[in-house]
Amino acid sequence: MSDLPLNEQMQIRIKKMQELEQMGVDTFGSRFCRTHSSQQIIDNFEQLEGQQTTIAGRVMAIREHGKACFATIADFDGQIQIYVRIDAVGEDQFAQFHLWDIGDIVGVDGEIFRTHRGEVSVKAAKLTFLSKSLRPLPEKWHGLKDVEIRYRRRYLDLIVNPEVKQAFVARSKIIRAIRHYLDNLDFLEVETPTLHHIAGGAAARPFITHHNTLDLDLYMRIALELHLKRLIVGGMERVYEIGRVFRNEGISIKHNPEFTMLELYQAYSDYNGMMEITENMISAVSKEVLGSDQIEYQGTPISLAAPWRRITMFDAIKEYAGVDFNIIKTDEEARQAAADLSIEFADNASRGDIINLLFEEKVEENLIQPTFVMDYPIEVSPLTKRKKDDPSLTYRFEAFIYGRELANAYSELNDPLDQRQRFERQMEQRAKGDEEANEADEDFLQALEYGMPPTGGLGIGIDRLVMILTDAASIRDVILFPTLRSRE
RNA sequence: GAGCCAUUAGCUCAGCAGGUAGAGCACCUGACUUUUAAUCAGGGUGUCCGGCGUUCGAAUCGCCGAUGGCUCACCA
């Protein structure tokens, strides 16, 4: 305590705490049984008026008024006012009340009533001090605006900015609704390792860690895919996992180094089945959590109602960039088309690379309403089944909302010989310096060699879905403790 | 990783042609038995993000650094 730097307000609070202790009050109390939450009392006032209640929460405001004072108590649901009269609580407790600070945690027994001004309140008969708050809270009116403090000390953000709590309640409901939806489709929720020998299933740089006893470098997973597909091989025909993945890349309004992915795999389905699940599940989740599938994101109305628009990548590029890859067949022609649009590309870029580039540069930002973009080039889809009618393309789609990728899905590549060739090409890319190219996973190949049924697989970025559904501008607004630099 | 912007009281912010810092809320003292951003009368509580420099003098100007935000790069 002595080496804690104390400002004036903290010194005063410690002094008040000591005075309470001298009065025999336990300033860090124990179990306390509540009968109602603040919101229950407010919602059911007609039935509860005149009855006794016991509430508890954090003191958010104190309005002293001589011998009859008011305070606002906040609990998880909301806030409720208490009315503290000297003739109702007695002189001793009234003296204790004057040692309360904003931020203290208290319990109150009393009668539910409505004040002359109409506010539902609790007329205190007994006050129970529960926990002392030694630091002054941010201001009640402007709240806490400093984003750095909001992220670093999220508990303060939660205490003083009520809408923040609502966003995280919504996040919880969204994930619950997804589980509910998938459970009803007989999907089995599973958990797979986060420590991987090979960081596969996506194109991303991994975090590296180390196991001491095994003296083994391990990777934090960048995707769930390869383990879940092993489970499909094992006969778990419908599986999903909602879990954290880690990608050692930049931080932005849309990116956090650790984020939550939903991946699901359904045997005997394909990417068409995955489109149906995606659009039906997201509209159902929106209805369950928000009561509607018509939402507004950052001022733009968005309809999540199924079915969503479906367009091939070629048609999308033709529409938004004016380039027709049905006609352009060679790498040379493709590079020329990119050059004509003043788009920079690598010297050795293939037709497929250029297709992907044009799409990202010219098309993505236009896909505001939910859109499935289908049939990605094989070069950027190393785990996806080839299209029968065009082996340069794959049965893969990505779903876009508000110009952002929200989901990625495909008919899973289950031909182990083709998969081996794809890995070999990825390894060539790695050898050329592409750190994000997939590493060959021999154990996964072996699993495929035992035979995997035709399967549809889907990945959805949960954080981005929550952003869309809660109208959050930044991914940090839907992650309780976003990654920040150390303050030390 | 690069560019731009920000950092002043517990919180929200002013102060910047350089003259050693202010407001509101919070806090302290007093008044008040139905207030609610309670009110009324008093009280300013500070490493002006850190360091170095320019200057008689720096919150203010310059350089270096820290942290955060936005944009770009990378990615989902």
Side-chain angles (χ1 to χ4, degrees), chain A residues 5-13 15-16 60-72 79-89 94 98 101-103 113-121 123 133-153 156-157 159-161 201-206 222-223 245-263 344 360 364 380 398-401 403-408 434-436 459-465 467 473-477 482-488:
Chain A
L6 297 180
N7 63 43
E8 186 197 32
Q9 292 196 42
M10 290 184 71
Q11 289 173 20
I12 290 165
R13 281 166 181 251
K15 193 158 163 262
K16 286 184 179 176
M60 299 304 289
I62 297 174
R63 293 177 290 282
E64 290 200 34
H65 207 277
K67 295 189 175 66
C69 303
F70 297 88
T72 304
Q79 300 191 334
I80 191 162
Q81 173 173 272
I82 63 163
Y83 179 41
V84 183
R85 287 173 62 119
I86 190 167
D87 54 11
V89 297
F94 201 69
H98 280 107
D101 281 306
I102 289 171
F113 78 113
R114 199 193 281 278
T115 64
H116 290 170
R117 295 290 183 91
E119 177 151 350
V120 173
S121 306
K123 186 175 181 179
S133 167
L134 296 179
R135 290 182 184 271
L137 287 177
E139 194 211 339
K140 61 185 170 184
W141 190 245
H142 295 94
L144 179 65
K145 290 188 175 170
D146 183 321
V147 286
E148 187 175 351
I149 301 178
R150 287 187 48 221
Y151 297 150
R152 281 191 198 282
R153 296 193 264 169
L156 284 180
D157 197 25
I159 291 168
V160 300
N161 297 328
R205 290 164 61 188
I222 57 173
V245 298
F246 308 85
R247 298 191 181 176
N248 204 340
E249 282 152 4
I251 294 176
S252 82
I253 205 166
K254 295 180 288 186
H255 301 87
N256 195 62
E258 52 178 310
F259 62 101
T260 302
M261 282 272 287
L262 160 69
E263 288 194 26
E344 288 181 28
E360 287 176 357
E364 277 189 13
V380 294
E398 289 188 342
F400 289 84
I401 298 180
R404 292 180 190 161
E405 183 189 339
L406 189 77
N408 181 20
D434 182 357
E435 289 182 68
E436 294 175 357
I460 293 179
I462 294 297
D463 311 271
R464 289 192 178 172
L465 176 62
M467 284 173 71
S474 169
I475 197 167
R476 295 184 206 92
D477 294 330
T483 305
L484 297 176
R485 277 196 172 82
S486 164
R487 206 66 207 279
E488 302 314 317

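Naming convention: chains lettered A, B, ... in sequence-line order (proteins, then strands); numbering from 1 in each chain.
Nucleotide B:A21: unpaired (no Watson-Crick or G-U wobble partner with both distances less than 3.5 Å). Across all strands shown, the partner of B:G30 is B:C40, judged by Watson-Crick or G-U wobble contacts whose two distances both fall under 3.5 Å.
Taking the six-membered ring where the residue is Trp, A:Tyr83 and A:Phe70 present parallel rings, their angle staying beneath 30° rather than reaching 60°.
No donor-acceptor pair closer than 3.5 Å links the side chain of A:Arg205 to the backbone N or O of A:Glu249. Side-chain atoms of A:Asn161 come within 3.5 Å of backbone atoms of A:Leu144 as a donor-acceptor pair (strictly under, hydrogens ignored).
Under 4.0 angstrom from either OP1 or OP2 of B:A26 there lies at least one side-chain N or O belonging to A:Lys140. Distances shorter than 4.0 Å separate some side-chain N or O of A:Arg476 from OP1 or OP2 on B:G69. Considering only side-chain N and O atoms, A:Arg152 lies under 4.0 angstrom from the phosphate OP1 or OP2 of B:G68. At the phosphate of B:G68, OP1 or OP2 sits under 4.0 Å from a side-chain N or O atom of A:Arg485.
A stacked arrangement is not assigned to A:Tyr151 and the six-membered base ring of B:G68, the conditions of a centre distance below 5.5 Å and an interplanar angle below 30° not being jointly met.
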Heteroatom pairs (N/O) under 3.5 angstrom, protein to nucleotides 30-35 of chain B:
unit_1, atom_1, unit_2, atom_2, d
B:C32, N3, A:Gly66, N, 3.1
B:C32, N4, A:Gly66, N, 3.4
B:U33, OP2, A:Lys67, N, 3.2
B:U33, O4', A:Ala68, N, 3.4
B:U33, O2, A:Arg85, NE, 3.0
B:U33, O2, A:Arg85, NH1, 3.1
B:U33, O2, A:Arg85, NH2, 2.7
B:U33, N3, A:Asp87, OD2, 3.3
B:U34, O2', A:His116, ND1, 2.8
B:U34, O2, A:His116, N, 2.8
B:U35, OP2, A:Arg117, NE, 2.9
B:U35, O2, A:Arg63, NE, 2.8
B:U35, O2, A:Gln81, OE1, 3.3
B:U35, N3, A:Gln81, OE1, 2.8
B:U35, N3, A:Gln81, NE2, 2.9
B:U35, O4, A:Gln81, NE2, 2.5
B:U35, O4, A:Thr115, OG1, 2.8

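To the nearest angstrom, C1' of B:G69 lies 9 Å from CD1 of A:Ile253. What separates CZ of A:Arg150 from C1' of B:U67 is a distance of 17 Å, to the nearest Å.
Spacing between B:A26 and B:U71 at atom C1', rounded to whole Å, works out to 37 Å.
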